[in-house]
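The analysis underlying the following values was restricted to heavy atoms, covering all of them including side chains, and did not include hydrogens, waters or symmetry mates.
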Amino acid sequence: QVQLVESGGGSAQAGGSLRLSCALSVSSGYTSAEKYIGWFRQGPGKEREGVATIRTRTSDTFYADSVKGRFTISQDNAKTTVYLQMNNLKPEDTAMYYCAARFGYLRFGPALLAPPNFPNWGQGTQVSVSS
């Protein structure tokens, strides 16, 4: 069983910062060495989209163009918590943010931001950015 719990959402003004956390717990049945944790978001009336993903074994990261240079995904040393540092926030960043996990290799590239490639999801945390 895989559990993901997001925290750290809230309200910010444009230009401000927020830091999201995703705590991951995994049962002993998941033995794949390859694990990816991604952050996704879904704004009002929009489809869910990928924001950033980290390959936990190597710490390789992949970002959506819309957040490059503003958001940073990272993990703690135990590789049980993944963070999303969001700087220079914009009103269009307003969305419900979800973290998701995938076990098993995925080719580096846009597939790392595709929601169907991530079977395990948290409940989400709301981020609201005002102008």
Side-chain angles (χ1 to χ4, degrees):
Q1 186 176 3
V2 179
Q3 284 190 318
L4 301 109
V5 179
E6 303 94 337
S7 61
S11 298
Q13 291 190 327
S17 298
L18 286 172
R19 189 194 198 201
L20 306 183
S21 298
C22 173
L24 172 70
S25 61
V26 181
S27 67
S28 59
Y30 288 80
T31 57
S32 174
E34 291 293 355
K35 183 173 65 187
Y36 302 83
I37 306 297
W39 282 99
F40 298 80
R41 67 186 181 186
Q42 188 165 15
K46 298 181 181 179
E47 293 187 356
R48 191 170 297 189
E49 63 176 358
V51 173
T53 293
I54 187 166
R55 185 185 185 187
T56 61
R57 184 175 65 84
T58 62
S59 295
D60 290 335
T61 58
F62 191 82
Y63 294 91
D65 288 343
S66 60
V67 305
K68 280 181 182 177
R70 301 190 298 123
F71 291 10
T72 303
I73 188 170
S74 62
Q75 61 182 339
D76 66 350
N77 290 336
K79 300 182 180 181
T80 58
T81 302
V82 171
Y83 305 99
L84 186 68
Q85 178 67 44
M86 305 185 293
N87 297 330
N88 192 21
L89 283 162
K90 302 177 180 181
E92 51 263 43
D93 294 320
T94 294
M96 184 69 78
Y97 282 71
Y98 302 88
C99 66
R102 173 190 172 87
F103 295 84
Y105 177 75
L106 199 59
R107 179 177 291 191
F108 190 83
L112 292 170
L113 297 180
N117 290 332
F118 289 76
N120 307 287
W121 292 81
Q123 293 300 307
T125 185
Q126 178 68 38
V127 171
S128 299
V129 183
S130 58
S131 57

Exercise for the section: Would you kindly confirm whether Phe108 and Phe118 end up in one hydrophobic cluster when ILVMFWY residues are joined by side chain heavy atoms under 4.5 Å apart? Expected result: yes
Exercise for the section: Report the distance from atom SG of Cys99 to atom CD1 of Ile73, rounding to the nearest 0.5 Å. Expected result: 9.0 Å
Problem - Shortest non-hydrogen contact between Leu18 and Ser11, atoms and distance - result: CD2-O, 4.3 Å
For residues 123-131, which side-chain N or O atoms pair as donor and acceptor with protein atoms under 3.5 Å away, sequence neighbours left out?
| from | atom 1 | to | atom 2 | distance (Å) |
| --- | --- | --- | --- | --- |
| Thr125 | OG1 | Gly9 | N | 3.2 |
| Gln126 | NE2 | Ala95 | O | 3.3 |

Exercise for the section: Output all residues satisfying side chain to side chain contact (heavy atoms under 4.5 Å, CB included) with Thr58, sequence neighbours left out; order by chain, then residue number. Expected result: Arg55, Asp60
Exercise for the section: Hey, can you tell me if Trp121 and Tyr98 have their rings parallel, tilted or perpendicular (30° and 60° cut-offs)? Expected result: perpendicular
Fill in the blank from the handout: Rounding to 0.5 Å, atoms CZ (Phe40) and CG (Leu113) come to a distance of 6.5 Å
Handout entry: Shared hydrophobic cluster for Tyr105 and Phe62 (ILVMFWY, side-chain gaps under 4.5 Å)
Key = yes
Can you give the donor-acceptor pairs under 3.5 Å from side chains of residues 78-90 to other protein atoms, not counting sequence neighbours?
| from | atom 1 | to | atom 2 | distance (Å) |
| --- | --- | --- | --- | --- |
| Lys79 | NZ | Thr56 | O | 3.2 |
| Thr80 | OG1 | Asp76 | OD2 | 3.4 |
| Gln85 | NE2 | Asn87 | OD1 | 2.9 |
| Asn87 | OD1 | Ser17 | OG | 2.9 |

Completion exercise
Here the pair of heavy atoms bringing Trp39 nearest to Leu20 is CH2-CB, 3.6 Å
Exercise for the section: For the pair Tyr63 (side chain) and Gly69 (backbone), establish whether a donor and an acceptor sit closer than 3.5 Å, ignoring hydrogens and angles. Expected result: no
Problem - Gap between atom OG of Ser25 and atom CD of Gln3 - 0.5 Å precision - result: 4.5 Å
Exercise for the section: Name all residues meeting the salt bridge (charged side-chain N to carboxylate O under 4.0 Å, His left out) criterion together with Arg48; count only those two or more places apart in sequence or in a different chain, and write none if there are none. Expected result: none
Exercise for the section: Measure the NZ-CD distance between Lys46 and Glu92 for me, rounded to the nearest 0.5 Å. Expected result: 7.5 Å
Problem - Backbone of Tyr36 reached by a side-chain donor or acceptor of Arg102 within 3.5 Å - result: no
Exercise for the section: Under the salt bridge (charged side-chain N to carboxylate O under 4.0 Å, His left out) rule, collect the residues that match up with Glu49, sequence neighbours excluded. Expected result: Arg41
Handout entry: Leu106 side chain reached by Leu112 side chain, heavy atoms, under 4.5 Å
Key = yes
Problem - Listed partners of Ser7 passing side chain to side chain contact (heavy atoms under 4.5 Å, CB included), at least two apart - result: Ser21
